[in-house]
Amino acid sequence: MQSKFLSVATIIIFSTFNIAVSQTQKRIQNTKVQAERILFSPPDKTFSIEVPVRLKEDKDQYKEEQSMKSIRVFGGFTHKMAFLVYATTYKHGDKSINEIPKEKLGGLEFLVGGDDDHDFAERFIVIDGFPTREVIYKNQNAKGIMIDVGQQVFILCLAVKNRRDLESKVANRFFSSFHLIRESKKDKPSKQKKATRNRKINRKSQI
């Protein structure tokens with residue numbers, strides 16, 4: 001499983017979304033990067049997150065995995081920070097869905113730091129009400145969290161030029177602002193309400 005994915009460090013090396021690093025650096029040197037805060041949400045509105053740069057989906061950055069129904073990758077970077085979000089969805093009935101978070105999220109750190117680096121500190125926290133595993137690498141400037149929301153697992157990755165930026169306000173906001181967008185029961189009409197509404201529409205059309 002591990003060899004099928006690219007870590008955030010690897011993606012930086014080969015340049016995010018097929019943009020040459022040298023060209024990107026030259027462009028950024030001539031452009032003042034503003035520390036804006038963007039509320040990003042994908043087209044299907046499954047989640048939202050605050051980042052200082054707009055994220056783009058890269059549909060060619062991953063390969064299919066046996067237990068996964070889909071794996072979507074969103075990324076973006078500034079002159080000193082790279083942001084990456086994996087949105088994974090397990091297949092219905094896959095045994096991994098019901099595993100306890102410690103087992104389910106174990107082994108996913110390679111998405112943050114690669115296959116060979118196992119020297120990191122970890123802890124379990126709660127993000128948006130969901131069990132979350134956090135890893136901070138000791139020998140590279142990378143940090144990530146893995147959020148277990150049931151059939152889906154979201155992996156947020158951050159790589160920085162200066163290590164102190166792993167604990168910056170921008171970094172903390174990126175990790176803590178994750179929000180799974182749920183459909184409220186109040187907003188979701190019941191079958192009875194739908195039927196009543198349809199009858200009213202039909203009566204009006206007959207008048």
Side-chain angles (χ1 to χ4, degrees), residues 1-21 23-24 28 37-91 94 96-97 104-117 120 127-128 130 132-137 140-161 166 170-171 173-181:
M1 174 179 174
Q2 295 183 357
S3 60
K4 294 183 179 181
F5 296 87
L6 294 177
S7 70
V8 64
T10 304
I11 289 177
I12 294 173
I13 293 174
F14 290 103
S15 180
T16 307
F17 308 123
N18 300 320
I19 301 175
V21 172
Q23 293 178 349
T24 303
I28 292 174
R37 201 164 67 186
I38 299 170
L39 183 63
F40 170 79
S41 184
D44 60 2
K45 305 297 180 184
T46 50
F47 70 93
S48 65
I49 195 168
E50 289 189 13
V51 287
V53 63
R54 295 189 183 280
L55 303 183
K56 296 180 180 180
E57 182 174 7
D58 189 351
K59 298 181 180 180
D60 298 323
Q61 203 59 262
Y62 67 87
K63 296 181 180 180
E64 293 183 359
E65 207 283 327
Q66 186 175 2
S67 62
M68 299 291 184
K69 178 181 179 182
S70 65
I71 305 169
R72 304 174 66 190
V73 186
F74 304 89
F77 58 98
T78 68
H79 64 296
K80 62 178 182 178
M81 288 183 163
F83 303 86
L84 196 65
V85 177
Y86 286 90
T88 69
T89 303
Y90 286 89
K91 294 178 181 178
D94 187 87
S96 300
I97 298 176
K104 187 175 182 180
L105 303 177
L108 294 177
E109 66 276 355
F110 71 93
L111 291 170
V112 183
D115 292 337
D116 300 324
D117 191 347
F120 56 83
I127 297 292
D128 195 34
F130 297 102
T132 302
R133 181 183 179 220
E134 176 190 85
V135 295
I136 302 178
Y137 280 81
Q140 54 179 310
N141 299 336
K143 176 180 179 179
I145 63 173
M146 291 136 269
I147 309 169
D148 179 10
V149 304
Q151 190 178 349
Q152 288 184 295
V153 171
F154 293 89
I155 301 98
L156 279 57
C157 310
L158 174 66
V160 298
K161 183 177 180 180
L166 288 177
V170 173
R173 193 61 191 165
F174 171 63
F175 290 118
S176 64
S177 65
F178 174 86
H179 175 61
L180 182 69
I181 300 177

Chemist: Rounded to the nearest 0.5 Å, how far apart are CG of L84 and CD1 of I155?
Modeler: 9.5 Å
Chemist: Would you please classify the geometry between the F83 ring and the F174 ring as parallel, tilted or perpendicular, with 30° and 60° separating the classes?
Modeler: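 It falls in the perpendicular class, over 60°.
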Chemist: Whether the side chain of Q140 engages the backbone of G113 through a donor-acceptor N/O pair (distance < 3.5 Å, no angle test) should be reported.
Modeler: yes
Chemist: Walk me through whether F40 and F74 qualify under side chain to side chain contact (heavy atoms under 4.5 Å, CB included).
Modeler: CA-CA 10 Å; F40 170 79; F74 304 89; 3.7 Å; yes
Chemist: Determine whether F175 and I127 satisfy the following criterion, side chain to side chain contact (heavy atoms under 4.5 Å, CB included), listing intermediate values before the conclusion.
Modeler: CA-CA 8 Å; F175 290 118; I127 297 292; 5.5 Å; no
Chemist: Which value, rounded to the nearest 0.5 Å, describes the distance between L166 atom CG and M81 atom CE?
Modeler: 7.5 Å
Chemist: Between the side chain of T88 and the main-chain N/O of V153, is any donor-acceptor distance below 3.5 Å?
Modeler: yes
Chemist: Please give me the minimum heavy-atom distance between E109 and M146, naming the atom from each residue.
Modeler: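 Answer, listing the atom of E109 first, then M146: N-SD, 4.1 Å.
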Chemist: Determine the sole option in F130, Y86, F178 for which the side chain to side chain contact (heavy atoms under 4.5 Å, CB included) test with F154 is passed.
Modeler: F178
Chemist: For K104 versus L108, what's the shortest heavy-atom pair and its separation?
Modeler: O-CD1, 4.0 Å
Chemist: Mind running side chain to side chain contact (heavy atoms under 4.5 Å, CB included) on V160 and K143 for me, showing each step along the way?
Modeler: CA-CA 9 Å; V160 298; K143 176 180 179 179; over 6 Å; no
Chemist: Where is the tightest heavy-atom contact between P52 and V170, given as atom of each residue plus distance?
Modeler: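 Taking every non-hydrogen atom into account, CG-CG1, 3.6 Å.
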Chemist: Return the minimal non-hydrogen interatomic distance between V112 and C157, and the atom names on each side.
Modeler: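 In this case the closest contact between V112 and C157 is CG2-SG, 3.8 Å.
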Chemist: Using a 4.5 Å cut-off on heavy atoms from C-beta on, say whether the side chain of V85 contacts that of L55.
Modeler: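 Yes, their side chains come closer than 4.5 Å.
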Chemist: Quick one: pull up CG in L156 and CD1 in I49 and give me the separation to the nearest 0.5 Å.
Modeler: 4.0 Å
Chemist: Under the side chain to side chain contact (heavy atoms under 4.5 Å, CB included) criterion, do Q151 and T89 qualify, and how do the steps go?
Modeler: CA-CA 6 Å; Q151 190 178 349; T89 303; 4.0 Å; yes
Chemist: Could you tell me whether the side chain of N141 and the main chain of K161 form a donor-acceptor pair under 3.5 Å?
Modeler: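 Present.
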Chemist: Applying side-chain hydrogen bond (donor to acceptor under 3.5 Å, both in side chains), can you list everything that pairs with D44, at least two apart in sequence or on another chain?
Modeler: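 With neighbours one apart ignored, the set is T46, R72.
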